[in-house]
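Note that the coordinates shown come from a computational prediction; the quantities given were computed from them, not determined experimentally.
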Amino acid sequence: MGFWILVVVGALSGVTTVLFGFGGGFVTVPVIVWADSELGDDAMRTAVATSAVVVFVGAAIATASTRREILVGLRGGSGLVALLAVGGLVGGVAARFVPAVVAQWGFVAYLALTLADAVIRPGFVRPAAARAEPRTVSARYGLPVGAVAAFLGVGGSVLTVPLLRRAGRSMESATALANPLTLAITAPAVVPLVASVDITSAAALLLGATPVIVILRRRRIGMPDAVHARVYLGLIAAVTLAMAAAALS
């Protein structure tokens with residue numbers, strides 16, 4: 001896959017990072033699996049490691065660019081953040097040693113189950129718990145969310161956004177807060193994975209993503225809440241199908 005194609009893919013992941021709280025993992029894991037397909041079984045391991053770096057940098061930039069009045073929503077969530085970081089380290093270590101096929105099909109199952117949960121259970125498309133003061137997400141979710149997200153290289157927003165949504169937050173708030181939570185997961189996860197990173201692909205993806213994240217974070221993009229939620233689910237469905245096709249090829 002050409003360098004400049006990866007730059008374009010990076011730009012698209014920058015858009016989804018800002019609008020939906022994800023992008024690096026969902027977009028880059030399938031793309032790197034295809035780009036490094038000649039590595040065989042190691043392609044997924046390389047994809048997870050490369051994704052961790054891209055997600056970390058993208059989440060850091062998005063967090064730094066997020067409005068303060070949204071970031072205060074994490075107040076009181078230090079326990080959650082700490083356990084997300086511990087889970088991220090556990091998942092990053094596991095990704096180095098568990099067979100790549102487990103991570104590949106785990107990625108597909110992870111997205112499919114999350115999609116089904118968001119569609120079947122009430123509270124995502126139209127939050128059932130909308131309130132002036134949203135609830136704080138319990139810290140007990142931190143360790144499993146961090147471990148699974150780091151193991152699969154997806155950053156964690158596919159779980160943290162629904163959790164924040166069901167806590168009574170709007171999609172704008174939930175997707176923005178997903179970035180600092182993703183940062184907590186990927187910071188320790190990058191350490192055990194760094195040796196497997198595809199540096200050229202990571203550079204191309206970040207070259208495309210970084211300016212897009214900075215520009216979009218400075219502008220408030222209005223989108224009806226229910227539409228925002230449905231587009232989020234549509235993107236998850238599309239990536240699930242793409243990754244399943246890559247796993248079967």
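Between Tyr110 and Ile236, every side-chain heavy-atom pair lies at or beyond the 4.5 Å cut-off. Here the side chains of Leu181 and Leu80 are in contact, with some heavy-atom distance below 4.5 Å. Using a 4.5 Å heavy-atom cutoff, the side chains of Tyr141 and Leu83 are not in contact. A 4.5 Å side-chain heavy-atom check between Val145 and Thr160 finds at least one atom pair inside the cut-off. By the 4.5 Å heavy-atom criterion applied to side chains, Val102 and Pro99 are counted as neighbours. For the pair Thr240/Thr114, no side-chain contact is recorded, criterion being any heavy-atom separation below 4.5 Å from C-beta on. Looking at Phe124 and Val119, their side chains never come closer than 4.5 Å, going by heavy atoms from C-beta outward. Looking only at side-chain heavy atoms (C-beta outward), His228 and Thr175 come within less than 4.5 Å of each other.
Each of Val148 and Leu89 belongs to its own hydrophobic cluster when Ile, Leu, Val, Met, Phe, Trp and Tyr are linked at side-chain heavy-atom distances under 4.5 angstrom. By the rule that hydrophobic residues join a cluster once side-chain heavy atoms approach within less than 4.5 Å of another member, Val86 and Val137 end up as members of separate clusters. Grouping the Ile, Leu, Val, Met, Phe, Trp and Tyr side chains by contacts below 4.5 angstrom, directly or via other members, places Val15 with Val227. Val214 and Leu216 fall within the same hydrophobic cluster, defined by Ile, Leu, Val, Met, Phe, Trp and Tyr side-chain heavy atoms under 4.5 Å apart, directly or through other members. Following chains of ILVMFWY side-chain contacts shorter than 4.5 Å, one can reach Leu111 starting from Trp105, so the two form part of one hydrophobic cluster.
Taking every heavy atom of both residues into account, Gly79 and Ala139 meet most closely at C-CB, 3.7 Å. Nearest approach of Val191 to Ala187, heavy atoms of both residues: CG2-O, 4.0 Å. Annotation for Gly88 and Ala150: closest pair O-CB, 3.2 Å, computed over non-hydrogen atoms. Closest heavy-atom contact between Ala49 and Val197: O-CG2, 3.6 Å. Here the shortest heavy-atom pairing between Val81 and Ala184 reads CG1-CB, 3.7 Å.
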Residues Tyr232, Thr16; criterion side-chain contact (heavy atoms from CB on, under 4.5 Å); working and verdict:
CA-CA 9 Å; Tyr232 178 96; Thr16 59; over 6 Å; no

Dump the intermediate steps for salt bridge (Lys or Arg N to Asp or Glu O under 4.0 Å) on Arg165 and Asp225, then the final yes or no.
CA-CA 11 Å; Arg165 183 74 166 159; Asp225 194 69; 2.6 Å; yes

Apply side-chain contact (heavy atoms from CB on, under 4.5 Å) to residues Thr182 and Phe56 and explain how you reach the verdict.
CA-CA 7 Å; Thr182 292; Phe56 171 74; over 6 Å; no

Can you list the steps and then say if Leu233 with Leu115 is a side-chain contact (heavy atoms from CB on, under 4.5 Å)?
CA-CA 6 Å; Leu233 295 179; Leu115 180 62; 3.9 Å; yes

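Scored by the salt bridge (charged side-chain N to carboxylate O under 4.0 Å, His left out) test, Arg121 finds Asp117 as partners (sequence neighbours excluded). In terms of the side-chain hydrogen bond (donor to acceptor under 3.5 Å, both in side chains) criterion, residue partners of Arg140 (sequence neighbours excluded) are, by chain and number, Ser138.
The CD1 atom of Ile185 lies 15.0 Å from the CZ atom of Phe151; values are rounded to the nearest 0.5 Å. Distance check: Ile5 CD1 to Ser201 OG gives 11.5 Å after rounding to the nearest 0.5 Å. One finds the CG atom of Leu164 at 10.0 Å from the CE atom of Met171 (value rounded to the nearest 0.5 Å). Note that the CD1 atom of Ile61 and the CD1 atom of Ile213 stand 5.5 Å from one another [nearest 0.5 Å].
Judged by distance alone, the side chain of Thr63 and the main-chain N or O of Ala59 form a donor-acceptor pair under 3.5 Å. Without hydrogens or angle criteria, Thr186 side chain to Val55 main chain gives no donor-acceptor distance under 3.5 Å.
Within the structure, no pair that satisfies the salt bridge (Lys or Arg N to Asp or Glu O under 4.0 Å) test touches residues 80-98, not counting sequence neighbours.
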